[in-house]
Peer 1: 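Before we start, here is the structure in question, set down as structure tokens.
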Protein chains: 2
Amino acid sequence: MRAKVKDVANKSGVSMATVSRVLNGNTRVNEKSKQRVLAAAKELDYLPNQAARSLVLKKSNILGIIVPNLENSFNSKLLATIEEEADREGYKIIICCIQENLEKEIKYVNLFRQMYIDGLIILNEKINSKSRKVLNSCEFPIVQASVLIKGLKNSISINVDNRKASCELVNYLIKNGHRDIAMITGNLVDQTSGQFRLDGYLQALKENDISVNENLIKSGNFTFDSGYKATKDILSKKEIPTAIFAACDEMAMGAASAALDLGYNVPNDISIVGFDNIESSRMYRPAITTIGQSTKIIGNLALMAILQSKNNAKTSIEFNNRQYPIIDNKIEIPYIFIERNSVKKF
Amino acid sequence: MRAKVKDVANKSGVSMATVSRVLNGNTRVNEKSKQRVLAAAKELDYLPNQAARSLVLKKSNILGIIVPNLENSFNSKLLATIEEEADREGYKIIICCIQENLEKEIKYVNLFRQMYIDGLIILNEKINSKSRKVLNSCEFPIVQASVLIKGLKNSISINVDNRKASCELVNYLIKNGHRDIAMITGNLVDQTSGQFRLDGYLQALKENDISVNENLIKSGNFTFDSGYKATKDILSKKEIPTAIFAACDEMAMGAASAALDLGYNVPNDISIVGFDNIESSRMYRPAITTIGQSTKIIGNLALMAILQSKNNAKTSIEFNNRQYPIIDNKIEIPYIFIERNSVKKF
DNA sequence: TTGTACGCGTTATCAA
DNA sequence: TTGATAACGCGTACAA
């Protein structure tokens, strides 16, 4: 049986109230009793009961995280960063993976609501009316990390400008002499990584008077596998593009592998660019040209946003001596273009 | 303010006890009151308070998971499977990623202890005296999924025979004419994926009267990056091996990329084998020959082990009409050898 | 079949 | 500076 406050009180010869005061250190207490309590607590291996604690405090020092899946290594990296930041601020994080299943999201968000978590960070972009309702009835602040869900209450979104970044990437291809450029999009119900990246692609074509060829646009689901399949599809048609823009690095590597299997050289026959700058995009051969977003910044801002959400009416958040304004419940963060070896220059 | 049992009771005109009875459905209650309670609960969007609930029940229907990092995709796959199995059994899972940091493990295990979780699944193999003490003082059952920590109380371990599997893999290389075989080990403090796989390698050499060349044994940390570096190291020496056995697929792919960068053809100049059969080992070029372990079986047995741990003295666990005996607190599961295109046959 | 009242372990209030 | 005690929200003996 685990020791309770009462046991510590008995052992140290003071009241439960004093024990609580010592352990939570808010008010002043006699140094002697303090030492006795501390000693007793240690000896009894006392551990506060989280359930009882949050029942009265309505606070848990726990942050909940909803992640759509664990296959995507950008998400993994982001989770790691968030954990670090949270740890530094004295918060623990709990990760719930919903396997792209909104029913599970609802289940876990309700679990979080029952647990008195202090904030929620969501990396999942899909939503339906039911999950929206549950999210909107949360009593804690919600941060959308690298995703955008419109019309969510009590919530802000942190993102790079995915349209602009994608446009820049495709413009880079065009500048290097490519005109027949295919795209493997993500799931278009995902705004930022799906629709916006497609938007950027279309805009770049438009800016350069290149007409859109629907046959060159395929959709995947952000996995290596889907990039592979989409590329086999693209390369089995008559019109072979000279370049492929995949909406994430996993799909870009899948695309490259498919091209290789079909006997194409990358980048000499087919150039490929990705998005996210995941670890292995650097290590793949050829190394993938891509867009990087700083998980450090996202993670830190996400945490700051939650911590500062009590003092509402915040109009900006500071990180590393830089101010990030909050406009329309959104924070825009910078991205970087990373040139590597997966694009041929004509 | 969220609705409480009392609110539901008031609205439906019965007592709190009756509401509780309806919502937990253990004892019989008048059908009419039942309907009224259900309607009221729904209308008020009633959600039980987890903290209060587990405070009295000393049970949460939550399973805790400790994972060393989220970079390794075998772990990701395993997590996904565990989630599925848990969901089917009515359990929610909470994942805590400790970033290879035992202090964090202690912190999270203590959090779990405070939360009345019903069981813990650990995917982390490292341990020290402090974390061992905390794990040993847990009041819930612990399952070691695909890891082995010796002398842990109240705990069983589920594993393939890593020694045997590694030995088989290296024997396959030898049978195909390789004799100068390098190995990139994992971190050797990890028993199963570190030491045991090295043991298997050494045993295979011994069985075939091949003397051990220490220069051909490098250690990595299960990442693509470390496999890459180790291989550059190996291939910069005088004695170039014809094959490399990497202790996991990530490192195998890192090894292959390094070899390619140095101008070697894989598998014609250098053959490479991995371990774990992660998704991308199939999609990499060349596709990696490897050992597969079924996350399905591991996840399911882990769950069964926790659920059945109350009725102790269990000597075996059933899954898919097959009995898995528990011997010395260990369950051995089968592995499969997966031949692909990363090995040259002389 | 139903309701009253107590206990779960903790913190906060109020007197002392 | 301390101690008794009332919450927090729920489940369940026990009594009715």
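Chain A is the first sequence line, chain B the second, and so forth, proteins listed ahead of strands; every chain is numbered from 1.
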Peer 1: With the threshold set at 4.0 Å, does a side-chain nitrogen-carboxylate oxygen contact exist between B:E139 and B:K58?
Peer 2: no
Peer 1: Ignoring backbone atoms, establish whether A:N49 has a side-chain N or O less than 4.0 Å from OP1 or OP2 of C:dC8.
Peer 2: no
Peer 1: How close do A:I149 and A:N124 get, counting heavy atoms only, and between which atoms?
Peer 2: CD1-O, 3.6 Å
Peer 1: Select base, sugar-phosphate, or nothing to describe what A:L47 touches, counting heavy atoms under 4.0 Å on all strands.
Peer 2: sugar-phosphate
Peer 1: Identify whether the distance between the nearest side-chain nitrogen and carboxylate oxygen of B:E105 and B:K126 falls below 4.0 Å.
Peer 2: no
Peer 1: Excluding sequence neighbours, so at least two apart, what forms side-chain contact (heavy atoms from CB on, under 4.5 Å) with B:A80?
Peer 2: A:Q99
Peer 1: Pick base, sugar-phosphate or nothing for B:L55, based on heavy-atom distances below 4.0 Å to the nucleic acid.
Peer 2: base
Peer 1: Can you check whether B:Y116 has a side-chain N or O nearer than 4.0 Å to OP1 or OP2 of D:dC10?
Peer 2: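 Negative; the distance criterion is not met.
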Peer 1: Report the distance from atom CD of A:Q114 to atom P of D:dC8, rounded to the nearest whole Å.
Peer 2: 19 Å
Peer 1: Do A:D45 and A:R2 meet the salt-bridge criterion of a basic N to acidic O distance under 4.0 Å?
Peer 2: no
Peer 1: Rounded to whole Å, please give me the gap between CG in B:L57 and C1' in D:dA13.
Peer 2: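 Computing the B:L57:CG to D:dA13:C1' distance gives 14 Å.
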Peer 1: If you compare every side-chain N and O of A:K58 against the phosphate oxygens of D:dG9 (OP1, OP2), does one of them come in below 4.0 Å?
Peer 2: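 Answer yes for this pair, as a side-chain N or O of A:K58 is under 4.0 Å from OP1 or OP2.
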Peer 1: Between the protein and nucleotides 2-6 of chain D, list the N/O to N/O atom pairs that are separated by less than 3.5 angstrom.
Peer 2:
residue: D:dT2; atom: OP1; partner: A:S33; partner atom: OG; Å: 2.6
residue: D:dT2; atom: OP2; partner: A:N30; partner atom: N; Å: 3.1
residue: D:dG3; atom: OP2; partner: A:S15; partner atom: N; Å: 2.9
residue: D:dG3; atom: OP2; partner: A:S15; partner atom: OG; Å: 3.1
residue: D:dG3; atom: OP2; partner: A:T18; partner atom: OG1; Å: 2.8
residue: D:dG3; atom: N7; partner: A:R21; partner atom: NH2; Å: 2.7
residue: D:dG3; atom: O6; partner: A:R21; partner atom: NH1; Å: 3.3

Peer 1: Output the rounded distance in Å from CG (B:N10) to P (C:dT4).
Peer 2: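 About 11 Å, once rounded to whole Å.
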Peer 1: Just the rounded figure in Å: distance from C1' of D:dC8 to NZ of B:K6.
Peer 2: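 Rounded to whole Å, this separation is 12 Å.
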Peer 1: Once you round it to whole Å, what is the distance between C1' of C:dG9 and CZ of A:R2?
Peer 2: 10 Å
Peer 1: B:L23 has an atom CG; how far is it from atom C1' of D:dG9, in whole Å?
Peer 2: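 In whole Å, D:dG9 C1' lies 13 Å from B:L23 CG.
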Peer 1: Is it the case that the side chain of A:N30 and the backbone of A:K32 share a donor-acceptor pair, with hydrogens and angles ignored and the cut-off at 3.5 Å?
Peer 2: yes
Peer 1: Indicate yes or no for a side-chain donor-acceptor contact from A:S15 to the backbone of A:T18 under 3.5 Å, with no hydrogens or angles considered.
Peer 2: yes
Peer 1: Any side-chain N or O of A:R53 under 4.0 Å from OP1/OP2 of C:dG9?
Peer 2: no
Peer 1: Whole-Å distance between D:dA13 P and B:N24 CG?
Peer 2: 12 Å
